[in-house]
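First up is the structure itself, then whatever we jot down about it.
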Amino acid sequence: MVKFYQHTFSFEHAWDNVTYAFWLRYPNPFASHVIGCDVIDRHVDPDTGVLRTTRLIHKQGVMPRWGRHLIKNADAYIVEESEVDPKTQTMVTRTKNLNHVRVMQVEETLTFTVHPENPKWTQVKTEARIVSEMRWGLTGRVENFGITKFMDNSVRARKGMAHILERLRHNAALAG
Amino acid sequence: MSSSIGEKCTKIKQEYDSCFNSWYSERFLKGDASPMCDDLFFKYKDCLLKTLEEKKLDTLLADARKENPFPNTSTSSSSSSSTESGKKE
């Protein structure tokens with residue numbers, strides 16, 4: 001079973017700053033479950049000038065009571081692949097969980113572009129796919145839990161980014 | 001700055017992160033993609049690869065990365081065109 005989710009929102013910050021904040025977003029007060037984040041690979045494509053990065057993110061999750069027998073170890077690892085094209089001002093990030101994939105696989109793609117109506121803002125498109133391969137009548141429940149949890153997490157992720165962006169704006173104001 | 005998954009790599013990771021942050025905001029976004037933090041990155045990666053092996057995350061990660069996350073970009077176009085030529089034969 002598969003569930004899809006799509007959402008578009010904006011940050012009232014310039015694209016440069018939003019993509020910069022993306023690298024700085026951990027730690028923040030809305031992501032206390034993130035324990036570590038590492039850069040596995042990073043290079044600039046010599047032909048296109050696009051920056052490609054692979055990061056590994058370590059999260060400590062909390063499972064609902066009915067799910068505890070499915071996942072004993074609440075440690076989750078997320079792989080995040082991203083591309084930044086400074087010429088077209090486009091950043092695309094794709095994340096998916098590495099473990100617990102039989103219970104639930106969440107793939108999320110974020111596309112950051114300059115806001116079409118305000119060049120000082122950034123538009124972010126979120127697309128997600130949630131898949132569960134469980135076959136014991138739990139699939140629907142797992143996926144509903146997945147989508148609810150995913151939406152909660154998206155809200156928290158946006159708050160985290162907004163927090164970092166405000167900090168950057170504050171620092172820039174002090175420096176300026 | 002965030003910690004590394006391997007505790008012992010956190011210091012070098014944060015040194016690398018500071019370098020990358022300056023490079024990204026002051027150079028890359030301004031059109032200069034020449035490398036600046038490679039030495040730090042190699043040192044950091046050395047430490048990290050050992051950690052990933054110890055935690056048995058290396059194979060998990062390799063499997064997950066087999067799939068191209070950006071099938072529409074230039075890096076994958078060579079493989080898709082070879083598939084096309086393969087079909088014609």
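Below, read A as the first sequence line, B as the second, and so on, with proteins coming before strands; counting in each chain starts at 1.
Here T54(A) is the residue among T54(A), N28(A), V79(A) with the most heavy-atom pairs under 4.5 Å with chain B. Among G6(B), S25(B), G31(B), P35(B), the residue making the largest number of heavy-atom pairs under 4.5 Å with chain A is S25(B).
Summarising the geometry, atom CG belonging to L98(A) is positioned 7.5 Å from atom CG belonging to L57(B); distances are rounded to the nearest 0.5 Å. In this structure, the separation between NE2 on H43(A) and CG on D38(B) is 12.0 Å, given to the nearest 0.5 Å. Note: I5(B) CD1 to L56(A) CG = 3.5 Å, rounded to the nearest 0.5 Å. Rounded to the nearest 0.5 Å, atoms OH (Y44(B)) and CD1 (I40(A)) are 6.5 Å apart. Atom OH of residue Y77(A) and atom CG of residue L52(B) lie 9.0 Å apart, to the nearest 0.5 angstrom. Atom-to-atom distance recorded for C9(B):SG and D38(A):CG is 7.0 Å, nearest 0.5 angstrom.
Criterion: ILVMFWY side-chain heavy atoms under 4.5 Å apart, direct or through other members. Under it, V34(A) and M1(B) are not part of a common hydrophobic cluster. Cluster membership for L29(B) and L165(A), using ILVMFWY side-chain heavy atoms within less than 4.5 angstrom, is shared. One hydrophobic cluster, built from ILVMFWY side chains closer than 4.5 Å, holds both W23(A) and V124(A). Under a hydrophobic clustering in which Ile, Leu, Val, Met, Phe, Trp and Tyr are joined whenever their side-chain heavy atoms come within less than 4.5 Å, directly or via other members, W15(A) and M161(A) fall into the same cluster. No path of Ile, Leu, Val, Met, Phe, Trp and Tyr side chains, each step under 4.5 Å between heavy atoms, connects V44(A) with V50(A), placing them in separate hydrophobic clusters.
Geometrically, R42(A) engages F20(B) in a cation-pi contact, judged by NZ or CZ lying under 6.0 Å from the ring centre and within 45° of the ring axis.
At a 4.5 Å heavy-atom cutoff, the contact between S82(A) and chain B is made by backbone atoms alone. Both the backbone and the side chain of V92(A) come within contact range of chain B, judged by heavy atoms closer than 4.5 Å. At a 4.5 Å heavy-atom cutoff, R25(A) makes no contact with chain B through either its backbone or its side chain. Both the backbone and the side chain of D41(A) have a heavy atom closer than 4.5 Å to some heavy atom of chain B. In this structure, chain B has no heavy atom under 4.5 Å from any part of K87(A). If you measure heavy-atom distances from L61(B) to chain A, the contacts under 4.5 Å come from both the backbone and the side chain. Proximity to chain B is absent for every atom of V101(A), based on heavy atoms less than 4.5 angstrom apart.
Residues K96(A) and A64(B) approach most closely at NZ-O, 3.3 Å, considering heavy atoms. Shortest non-hydrogen contact noted between C37(A) and S2(B) is CB-OG, 3.6 Å. When all heavy atoms of S3(B) and I35(A) are compared, the closest pair comes out as CB-O, 3.8 Å.
Open room surrounds NZ on K43(B); 12 or fewer heavy atoms of other groups in view lie less than 6.0 Å from it. Within 6.0 Å of NZ on K8(B) lie more than 12 heavy atoms contributed by other residues, nucleotides or ligands.
The side-chain heavy atoms of V84(A) and F28(B), taken from C-beta on, include a pair separated by under 4.5 Å. Contact of the L51(A) side chain with the W23(B) side chain is registered, since non-hydrogen atoms from C-beta on lie closer than 4.5 Å.
In terms of modelled atom types and a separation under 3.5 Å, the side chain of K13(B) and the main chain of V39(A) share no donor-acceptor contact.
Ring geometry, Y20(A) versus Y24(B): the interplanar angle falls under 30°, so the pair is classed parallel (tilted spans 30 to 60°).
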